[in-house]
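Reading through the structure tokens given below for one structure.
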Amino acid sequence: MVEVAFAPSAVESFLSKVQTRNLRVGIIGLGYVGLPLSLLFSEQKFRVTGFDVDQQKVDTLAAGGSYIYRILPEEIAAAKASGFSATTDWGRMPDLDAVIICVPTPLNEHREPDLTYIENTAHAIAPHLRPAQLVVLESTTYPGTTEEVLIPILERENKLGLKAARFGASAQNAFYVAFSPEREDPGNTQVTRCDIPKVIGGLEAQATELAGALYSSIFRRVVPVSSPAVAEMTKLLENIYRCVNIALINELKLLCLRMGIDIFEVIRAASTKPFGFQAFYPGPGLGGHCIPIDPYYLLWKAKEFDFHTRFIELAGEVNLSMPYHVVSSVAHALNARKQSPNGSKVLVLGLAYKKDIDDLRESPSLTIIELLQKQGASVSYNDPFFAKVGRGRKYDLQMESTPLDNLEQYDCVLIVTDHSDYDYKKIVNEAQLVVDSRNATRGIKSEKIVHC
Ligand SMILES: NC(=O)c1ccc[n+]([C@@H]2O[C@H](COP(=O)([O-])OP(=O)(O)OC[C@H]3O[C@@H](n4cnc5c(N)ncnc54)[C@H](O)[C@@H]3O)[C@@H](O)[C@H]2O)c1
């Protein structure tokens, strides 16, 4: 394949617009990833246009409001003052120099990649593409998505016959494409977002250079890699590494419970080793948009290469079993008091998939509540982040958060999410029985506590 020399003017003009902040940035998908990213660019005085198919989100932002707990309305107002606006109108695409796609990548009911959001975005933006625009995909996905799914739609459906900048096209009839994974850790207050290095894999060197220049204005360090596929695989490696290690520690927890050993004390001790060990913690099961889902993207893709990803499947099996373990621990704890889940009142503490965040996607709490209900328990929940919970992709609970008073009315208080605001001492004092799946009651001595 012939390596193409692009007219320097398009690249130089892009780079100079980054410097002068005249570059127009579009963010597609204003969720947990896209909205904070929009604000980061706004803080650096870029004029940002956010696109979303959810009219309610667009209206909320237009009214200066926020729908993400950790983003304050004041931050939206500040961004609007720097030119940020949200829209559902794809006709505003041609104004933009760079477009960053942050739409969901869930699994379908067969636990296979559901790329419809990426495909729909590609269909929506393709007719508006113009020469020298940069398109970056940030959604987590399997290696090959950028080249096999995104680019073909953009090339096929744009109106000017543009090609992604690798097929020998000149800058006049080419657009640039890169993949750059989002690495956010929701609720992490130790590492600021701009300190998380940004991995970038362009389709060719100039796409990497342009994306690198753009991201360098909001991230302290960019890490160029040789292709979109390498960048896609990097993100999956990171999340599979977490998934497999969490499964390992979950399995060891089950063994330690049987052996009467405190796994958390073991982890604390092992963590004193200054090399070769990184602590992972057991819990009631995986949650969130990433760790429970992303490994299955690779598992699915690997089959195309007659490859069986055994670690991923085993880890998935162990992690998926954890909510069932929690529910059987509640049953055992009640049984020890001559009670059973059937007919007992259980209060679940925490709906969010991890502490101090307002995200319940794939949360083990939802599975646990449904399993307890199936066993005949009358289940209530408390979560300061969710006043109520309705229907989701895989659940239909229709419940409201109950106040944290009169705890003695419950046969069991089950800690699923260890939010920092809970007063665990008070909870243990007032409850009849506490089943703790997070070690939230560490340091509290009481016969009422059952660790699971
Ligand atoms: N949330 C995280 O912590 C996190 C971390 C790393 C990576 N990711 C990845 O980032 C991607 C986005 O995740 P998220 O958590 O922001 O999801 P999200 O559901 O919070 O937000 C996605 C947004 O995209 C919008 N959307 C859907 N289809 C659209 C379309 N065709 N056009 C425009 N907007 C559309 C939705 O309405 C929603 O507002 C996923 O691939 C995810 O795996 C998420």
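As the structure lists them, so they are numbered: ligands from 1, and atoms in each ligand from 1. Count residues from 1 along the sequence.
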### Query
With under 30° as parallel and over 60° as perpendicular, where do the rings of Y69 and F385 fit, or are they tilted in between?
perpendicular

### Query
Looking at F264 versus H451, is the centre-to-centre ring distance below 6.0 Å?
no

For ligand 1, what N or O to protein N or O distances fall under 3.5 Å?
| residue | atom | partner | partner atom | Å |
| --- | --- | --- | --- | --- |
| ligand 1 | 1 (N) | R361 | NH2 | 3.4 |
| ligand 1 | 15 (O) | R361 | NH1 | 3.1 |
| ligand 1 | 15 (O) | R361 | NH2 | 2.9 |
| ligand 1 | 16 (O) | Y32 | N | 3.2 |
| ligand 1 | 16 (O) | V33 | N | 2.8 |
| ligand 1 | 17 (O) | R361 | NH1 | 3.2 |
| ligand 1 | 19 (O) | R361 | NH1 | 3.4 |
| ligand 1 | 20 (O) | Y32 | N | 3.0 |
| ligand 1 | 31 (N) | T121 | OG1 | 3.3 |
| ligand 1 | 37 (O) | D52 | OD1 | 2.6 |
| ligand 1 | 39 (O) | D52 | OD1 | 3.4 |
| ligand 1 | 39 (O) | D52 | OD2 | 2.6 |
| ligand 1 | 39 (O) | K57 | NZ | 2.7 |
| ligand 1 | 41 (O) | V103 | O | 3.4 |
| ligand 1 | 41 (O) | T105 | OG1 | 2.6 |
| ligand 1 | 41 (O) | T140 | N | 3.0 |
| ligand 1 | 43 (O) | T140 | OG1 | 3.3 |
| ligand 1 | 43 (O) | H289 | ND1 | 2.9 |

What side-chain donor-acceptor pairs closer than 3.5 Å can you find for residues 271-279, not counting sequence neighbours?
| residue | atom | partner | partner atom | Å |
| --- | --- | --- | --- | --- |
| S271 | OG | I267 | O | 2.7 |
| T272 | OG1 | A269 | O | 2.5 |
| Q278 | OE1 | Y241 | OH | 2.8 |

Please tabulate, for side-chain N and O atoms in residues 79-88, each donor-acceptor pair with protein atoms closer than 3.5 Å (sequence neighbours left out).
| residue | atom | partner | partner atom | Å |
| --- | --- | --- | --- | --- |
| K80 | NZ | A62 | O | 2.5 |
| S85 | OG | R92 | NH2 | 2.7 |
| T87 | OG1 | D89 | N | 2.9 |

### Query
In chain order, what residues pass the side chain to side chain contact (heavy atoms under 4.5 Å, CB included) check against D52, with sequence neighbours excluded?
L30, D54, K57, V58

### Task
Step by step, work out the side-chain hydrogen bond (donor to acceptor under 3.5 Å, both in side chains) result for T417 and R438.
CA-CA 7 Å; T417 317; R438 293 278 192 180; 4.9 Å; no

